[in-house]
Number of protein chains: 2
Amino acid sequence: MDLTTPATNPKAPASETPAASEGGAATTPAFSPLYQQIKSLILRGLQAGEWKPGDLIPSELELAARFKVSQGTVRKAIDELSAENLLVRRQGKGTFVATHSEQQVQYRFLRLEPDAGSRATQVPADRRILDCRRLRAPSEIARMLGLRAGEPVFEVRRVLAFHGVPTILEDLWLPGTPFKGLSLEMLASHPGAMYALFESQFGVRMVRADEKLKAVSADGESAQIMKLTPGFPLLSVERIAYTYNDTPMEFRRGLYRTDHHHYHNELS
Amino acid sequence: MDLTTPATNPKAPASETPAASEGGAATTPAFSPLYQQIKSLILRGLQAGEWKPGDLIPSELELAARFKVSQGTVRKAIDELSAENLLVRRQGKGTFVATHSEQQVQYRFLRLEPDAGSRATQVPADRRILDCRRLRAPSEIARMLGLRAGEPVFEVRRVLAFHGVPTILEDLWLPGTPFKGLSLEMLASHPGAMYALFESQFGVRMVRADEKLKAVSADGESAQIMKLTPGFPLLSVERIAYTYNDTPMEFRRGLYRTDHHHYHNELS
DNA sequence: CAGTGGTCTAGACCACACT
DNA sequence: GTGTGGTCTAGACCACTGC
């Protein structure tokens, strides 16, 4: 592939890309390197479901041939995608689409850990779904999910217990359209982590998330559900989870009991 | 540099490395790629203070010549180091040692943000040092810092206020030896972030940190200092900060008021 | 202009997994 | 052995910075 065209983007790098977007007007010329374009193309394949979570994607040489670039360029694109946890490389085997299921990393977004003792094998939580209903999005929820107020959403409430102690009370909201058909039975019957179900049943893969933490006091209702006295300090965790393209697909509000657990975070 | 030697590590890659460690006995052969060895060598230079925070390090070609490897290999080593925030690349200028000062990122490890309004320009906190004393490490502190109980440590207490509202009460402990000479006056007179002072005055650069968060209720003492009623829910943040080589250099326990701020975390 | 990091290529060889 | 990702090289050219 030649890069003779100077400042602005050279011609589209792939043969199979009708260059869907790129409205028309001259915005920022914004030179973008070839490997970034390759990255976008792979990303498009992931979004389009060409390769599903857990799938093996084509080898680097194959992709290089398809996109008419060198293996090194494909490699750099895949490097970044795997650094972002979208792909997983396995030497000798190939490159796979990351998934929330199967891996030993069951709860990839749950940062709660038992204090001290820290049995590396965190006891599998005891999950209980309290509620699952379809309703029109209140404005706050709509805003978080990038919807218009009144659009349908699912609301789920559940409790997680460790060693019989209710530790997490969560309410979560999902956009109605992509999750059409969700039901309490489906959630209750599914054994694994919730995000694994989202992948297998709805083809929705959560890629990253933003969390906002606060310390709060248990109100009457949550205290009752978690068998605590009102006023008990709880960690409030609000999460927006995004799928490909930074599209919000879940808003979650959790209350964590932290007298025997803590929220672990690594800074760098 | 030739890589003819097969499985085990090839001969040391640099000319100026007396191969200090590598005890003797055959542990794990553990093949390590060239770029990892280069990375270690650069890291050693950083630890040894050959280049200090903010300094320009030699160019890729210079390092390649010095270590007798190709530019690409040095590049990959630097890529990783800059991904770990130890180095910062600036196109056209060179590669610099990362620092907590100068950058616009004043509080690199502080995850507390104002709610909603979120003036991107977070008001510079009003810092007040309450105490700074030298004492013998209690066993818990010693354990956190990798010291023996009774070894000297500094204990500092300070309050951060935003818009006049006391929001963070922190106690922190530093090992006595590396921080010899620390005083309340020094802390109080220094304008910028604390980690910047550690770099400039003690040559200690914090590289990464581990935090454990819990929700707690304000006790009498902290309530009084923060002008709250006892029982007010506070976010407890325990941090161990590490310098190069995963050596712990600070233990910090903070209480955050979170009624108008939140702790922000990005998951991926 | 020269010097730096950033991108891209082409080719060689190594380490690992499967058959 | 074949095919995969992983490492390493050498050289070309581009983009940015500052003299």
Side-chain angles (χ1 to χ4, degrees), chain A residues 1-11 13-14 28-42 51 55-83 87-98, chain B residues 1-11 13-14 28-42 51 55-83 87-98:
Chain A
M1 138 156 294
D2 68 321
L3 276 181
T4 51
T5 345
T8 66
N9 268 352
K11 61 189 185 194
T28 319
F31 163 81
S32 120
L34 241 193
Y35 75 88
Q36 286 287 2
Q37 303 175 41
I38 303 301
K39 195 178 154 185
S40 300
L41 289 172
I42 297 176
W51 312 296
D55 280 3
L56 174 68
I57 72 169
S59 76
E60 296 180 350
L61 280 169
E62 247 174 285
L63 290 173
R66 178 190 308 193
F67 297 141
K68 305 238 187 65
V69 298
S70 78
Q71 185 191 10
T73 301
V74 171
R75 168 170 292 273
K76 183 147 188 185
I78 293 182
D79 275 347
E80 294 208 349
L81 289 169
S82 77
L87 296 177
V88 176
R89 325 186 75 143
R90 275 184 265 200
Q91 183 171 157
K93 299 216 260 189
T95 302
F96 298 80
V97 181
Chain B
M1 142 157 290
D2 69 321
L3 276 181
T4 49
T5 344
T8 65
N9 269 353
K11 62 189 183 193
T28 318
F31 163 82
S32 123
L34 241 194
Y35 75 87
Q36 286 287 2
Q37 303 175 43
I38 303 300
K39 196 178 154 187
S40 299
L41 289 173
I42 298 176
W51 312 295
D55 280 2
L56 174 68
I57 73 168
S59 77
E60 295 180 348
L61 280 169
E62 246 175 284
L63 289 172
R66 178 189 310 191
F67 297 141
K68 307 239 186 65
V69 298
S70 79
Q71 185 191 12
T73 301
V74 171
R75 165 170 294 275
K76 182 145 190 187
I78 293 182
D79 275 347
E80 294 208 349
L81 289 169
S82 77
L87 297 177
V88 177
R89 326 185 74 140
R90 275 183 265 202
Q91 182 172 154
K93 299 218 262 188
T95 303
F96 300 79
V97 181

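Proteins come first, then strands; the chains are lettered A, B, ... in the order of their sequence lines, and each starts at number 1.
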Short N/O separations, protein against nucleotides 16-18 of chain C, under 3.5 angstrom:
| from | atom 1 | to | atom 2 | distance (Å) |
| --- | --- | --- | --- | --- |
| C:dC16 | O4' | A:Q91 | OE1 | 3.2 |

By side chain to side chain contact (heavy atoms under 4.5 Å, CB included), A:L61 pairs with (sequence neighbours left out) A:S59, A:Q71

How long is the span from the CZ atom in A:R66 to the CD1 atom in A:I38, to the nearest 0.5 Å?
10.5 Å

side-chain contact (heavy atoms from CB on, under 4.5 Å) between B:F96 and B:D55, worked out:
CA-CA 5 Å; B:F96 300 79; B:D55 280 2; over 6 Å; no

In Å, rounded to the nearest 0.5 Å, how long is the span from OG1 of B:T73 to NZ of B:K68?
14.5 Å

Side-chain donor/acceptor pairs under 3.5 Å, residues 87-95 of chain A, sequence neighbours excluded:
| from | atom 1 | to | atom 2 | distance (Å) |
| --- | --- | --- | --- | --- |
| A:R89 | NH1 | A:D79 | OD1 | 2.4 |
| A:R89 | NH2 | A:E60 | OE2 | 2.1 |

With sequence neighbours left out, write down each residue that passes salt bridge (charged side-chain N to carboxylate O under 4.0 Å, His left out) with B:E62, or none if nothing qualifies.
none

Is the phosphate of D:dT4, meaning OP1 or OP2, less than 4.0 Å from a side-chain N or O of A:R90?
no

Kindly write out the residues that satisfy salt bridge (charged side-chain N to carboxylate O under 4.0 Å, His left out) with B:K76, not counting sequence neighbours, or none if the list is empty.
none

To the nearest angstrom, how far is B:L61 atom CG from D:dA12 atom P?
13 Å

Between P on D:dG6 and CG on A:L87, what's the gap in Å once rounded to a whole number?
12 Å

Among the nucleotides D:dT9, D:dT4, C:dT4, whichever has the atom closest to the side chain of B:V69 is D:dT9

Can you tell me how far P of C:dC8 sits from CD1 of A:I38, to the nearest Å?
9 Å

Return the set of residues passing side chain to side chain donor-acceptor pair (under 3.5 Å) with B:E80 (not counting sequence neighbours), or none when no residue passes.
B:K39

When rounded to whole Å, the CD to C1' distance for the pair B:E62 and C:dG3 reads 11 Å

Rounding to an integer number of Å, can you tell me how far A:K39 NZ sits from C:dC8 C1'?
17 Å

Output the single nucleotide from C:dG5, C:dT9, D:dT9 whose closest atom is nearest the side chain of B:E60.
C:dG5

Considering all heavy atoms, the nearest A:I42-A:W51 contact:
O-CZ3, 3.7 Å

Check each residue of residues 70-80 of chain B for a non-hydrogen atom within less than 4.0 Å of any atom in DNA chain D, then write out the ones that pass by number, or none.
B:S70, B:T73, B:K76

Taking CD from B:Q36 and P from D:dG6, how many angstroms apart are they, rounded to a whole number?
13 Å

Determine whether B:L63 and B:I78 make a side-chain contact, defined as any pair of heavy atoms from C-beta on separated by less than 4.5 Å.
yes

Where is the tightest heavy-atom contact between B:Y35 and B:A77, given as atom of each residue plus distance?
O-CB, 3.5 Å

Name the stems that DNA chain C belongs to, where each is three or more consecutive Watson-Crick or G-U pairs with both distances under 3.5 Å?
C:1-18 with D:1-18

Find the distance A:Y35:OH to C:dG5:P and express it as a whole number of Å.
16 Å

Rounded interatomic separation in angstrom, taking CG from A:L34 and P from C:dT7
11 Å

